[in-house]
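Proteins get letters first, then strands, A, B, ... in listed order; numbering begins at 1 in each.
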Number of protein chains: 2
Amino acid sequence: MKRNTWQREAVREALSRTEGFVSAQALHASLRGTGSEVGLATVYRALADLAQEGEADSLVQEGESLYRACTPGSHHHHLICRSCGTAVEISADPVEAWARQVAAEHGFTRPEHVVDVFGLCPECSASADETASD
Amino acid sequence: MKRNTWQREAVREALSRTEGFVSAQALHASLRGTGSEVGLATVYRALADLAQEGEADSLVQEGESLYRACTPGSHHHHLICRSCGTAVEISADPVEAWARQVAAEHGFTRPEHVVDVFGLCPECSASADETASD
DNA sequence: TGCTACCTGAGAACGGTTCTCATGGTGCGA
DNA sequence: TCGCACCATGAGAACCGTTCTCAGGTAGCA
């Protein structure tokens, strides 16, 4: 069975306190910053477990795996701010249907899809405008 | 200016001969296999250039960057076989529109999207069925 | 409380990618 | 055609994120 250790719980909590996607390294640094002496390997293991159990979403950006706490059991995608990492869960029903249809048209079976939308969140958009107008 | 070297051309040709997505390492091995003594760093540089110029598409899978020759200038997505890497270019107009709309709804600006559909191509589906029925 | 199997953590190992820098070759002007 | 300047190349080291190793610790159960 899966044991409940304070380290695992600390990772879960740190992740749920985070608004957007964070890297394992950043989460590890954050935990160390709050006085939790958790090992890097443990953070990686905990995140992998959470992702496998559906309690966290993960995506790869620039060769780094990013994680985020998410609603377990619900299939959804993300709208992610390129600047600050803030993420919004979005449903993508039309895309689900489209993906299945496209796969079927080409004779592909067992379709899965990767759909993420990146952009600048309202706050970062405002900051970018200010910078641009300087 | 960008110089034309036989190494760069060799990478371009090797990539265009490939049907699906290949890793830089695999392409390098392939080039070495055909007697082209091209350095690994050069392959990486050439692929990065091709991707930047729009002559190649790239995606990251399991921490590895994969590349594929593509139609320059056209925005498209891919239907990729998980098993053999074969890829089909697909247009995704409905998804483009959806992505823009979702971004706008949440106040996100400068939307970009990552959309890839993975599955088993007809051939690999057939092979999988045979294996399953054994 | 004692036992045991699983978890932890420090650091090494690993794999893909990028960097370094001396050497070689391309492109261009004469 | 020749020479020059500068960019590209390539071998290997460096780098970076991730995974593995293994000894020691600890949760969970009886």
Side-chain angles (χ1 to χ4, degrees), chain A residues 1-15 18 20-53 55-69 80 82 85 114 116, chain B residues 1-15 18 20-53 55-69 80 82 85 114 116:
Chain A
M1 104 242 54
K2 198 139 300 229
R3 292 184 180 176
N4 296 321
T5 61
W6 68 265
Q7 290 98 331
R8 204 172 283 263
E9 201 53 37
V11 170
R12 189 197 304 267
E13 273 193 32
L15 193 66
T18 308
F21 279 85
V22 284
S23 67
Q25 308 262 353
L27 205 64
H28 177 237
S30 157
L31 283 164
R32 285 298 180 101
T34 61
S36 299
E37 293 294 318
V38 181
L40 181 58
T42 302
V43 173
Y44 273 103
R45 279 188 286 243
L47 287 174
D49 284 349
L50 287 172
Q52 194 174 5
E53 291 160 12
E55 292 187 53
D57 282 322
S58 68
L59 62 86
V60 178
Q61 197 175 35
E62 292 174 14
E64 214 178 5
S65 289
L66 304 180
Y67 296 86
R68 177 175 186 270
I80 303 148
R82 266 194 302 272
V114 175
D116 285 305
Chain B
M1 102 244 50
K2 198 138 299 224
R3 293 186 179 175
N4 296 322
T5 61
W6 66 266
Q7 291 97 333
R8 204 171 283 264
E9 202 52 40
V11 170
R12 188 197 304 269
E13 275 193 31
L15 193 65
T18 308
F21 279 84
V22 283
S23 67
Q25 308 263 354
L27 206 63
H28 177 238
S30 157
L31 282 165
R32 286 298 181 99
T34 61
S36 300
E37 294 294 318
V38 182
L40 181 57
T42 302
V43 173
Y44 273 102
R45 279 188 285 244
L47 287 175
D49 284 349
L50 288 172
Q52 194 175 5
E53 290 161 13
E55 293 187 53
D57 282 321
S58 67
L59 61 87
V60 178
Q61 198 176 35
E62 293 175 13
E64 214 178 6
S65 289
L66 304 181
Y67 295 86
R68 178 174 185 272
I80 303 148
R82 267 195 302 273
V114 175
D116 285 305

**Student:** CD/A:Q52 to CG/A:D49 distance, rounded to the nearest 0.5 angstrom?
**Tutor:** 6.5 Å
**Student:** Nearest whole Å is fine: how far is C:dT18 P from B:H28 NE2?
**Tutor:**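 To the nearest whole Å, that distance equals 15 Å.
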**Student:** Rounded to whole Å, how long is the line connecting atom CD of A:E9 with atom P of C:dC7?
**Tutor:**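 Answer to the nearest Å: 15 Å.
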**Student:** Using a heavy-atom cut-off of 4.0 Å across all strands, would you classify B:S65 as base, sugar-phosphate, or nothing?
**Tutor:** sugar-phosphate
**Student:** Could you check whether A:T42 gets within reach of a base, just the sugar-phosphate, or nothing at all, counting any heavy atom under 4.0 Å?
**Tutor:** base
**Student:** For C:dT18, does OP1 or OP2 lie under 4.0 Å from any side-chain N or O of B:Y44?
**Tutor:**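 False: B:Y44 side-chain N/O out of range (4.0 Å or more) of C:dT18 OP1/OP2.
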**Student:** Nearest to the side chain of A:L40, heavy atoms from C-beta on, is which of C:dG11, D:dA11, D:dT18?
**Tutor:**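 In terms of side-chain proximity for A:L40, the closest of C:dG11, D:dA11, D:dT18 is D:dT18.
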**Student:** By the 4.0 Å heavy-atom rule, please label A:R8 as base, sugar-phosphate, or nothing.
**Tutor:** sugar-phosphate
**Student:** May I ask you to evaluate whether B:N4 reaches the phosphate of C:dT26, defined as a side-chain N or O under 4.0 Å from OP1 or OP2?
**Tutor:**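 False: B:N4 side-chain N/O out of range (4.0 Å or more) of C:dT26 OP1/OP2.
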**Student:** Given A:L66, which of A:L27, A:L59, A:L47, A:V22 fulfils the side chain to side chain contact (heavy atoms under 4.5 Å, CB included) condition?
**Tutor:** A:L59
**Student:** Under 3.5 Å, is there a donor-acceptor pair between the side chain of B:R32 and the main chain of B:V38?
**Tutor:** yes
**Student:** Pick base, sugar-phosphate or nothing for B:E37, based on heavy-atom distances below 4.0 Å to the nucleic acid.
**Tutor:**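 Sugar-phosphate contact only - B:E37 comes under 4.0 Å of backbone atoms but never of a base.
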**Student:** Crowded around B:E37 CD? As in, over 12 foreign heavy atoms under 6.0 Å?
**Tutor:** yes
**Student:** From the list C:dT17, D:dT18, D:dG12, which nucleotide is the closest neighbour of the side chain of A:E64?
**Tutor:**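 My answer, after comparing the listed nucleotides, is D:dT18.
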**Student:** For DNA chain C, whose closest nucleotide is more 5', that of A:G39 or that of B:R45?
**Tutor:** A:G39
**Student:** Please determine if a side-chain N or O atom of A:Q7 lies less than 4.0 Å away from the OP1 or OP2 oxygen of C:dC7.
**Tutor:**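 No, because none of the side-chain N or O atoms of A:Q7 sits under 4.0 Å from OP1 or OP2 of C:dC7.
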**Student:** Using whole Å, what does the distance between atom P of nucleotide D:dA11 and atom CD of B:Q25 come to?
**Tutor:**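 Rounding to the nearest Å, CD of B:Q25 and P of D:dA11 are 14 Å apart.
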**Student:** Step through the shown structure and confirm whether more than 12 heavy atoms of other residues, nucleotides or ligands are within 6.0 Å of CD on A:E53.
**Tutor:**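 Above 12, so yes.
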**Student:** Under 4.0 Å from OP1 or OP2 of C:dT8: is there any side-chain N or O of A:T5 that close?
**Tutor:**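 It does, given that an N or O in the side chain of A:T5 lies less than 4.0 Å from OP1 or OP2 of C:dT8.
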**Student:** Expressed as a whole number of angstroms, how long is the span from B:E62:CD to C:dC14:C1'?
**Tutor:**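 Those two atoms, CD and C1', are 16 Å apart.
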**Student:** When only distance counts, do a donor and an acceptor, one from the side chain of A:R3 and one from the base of D:dT26, lie under 3.5 Å apart?
**Tutor:**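 When only heavy-atom distances are counted, A:R3 does reach the base of D:dT26 through a donor-acceptor pair under 3.5 Å.
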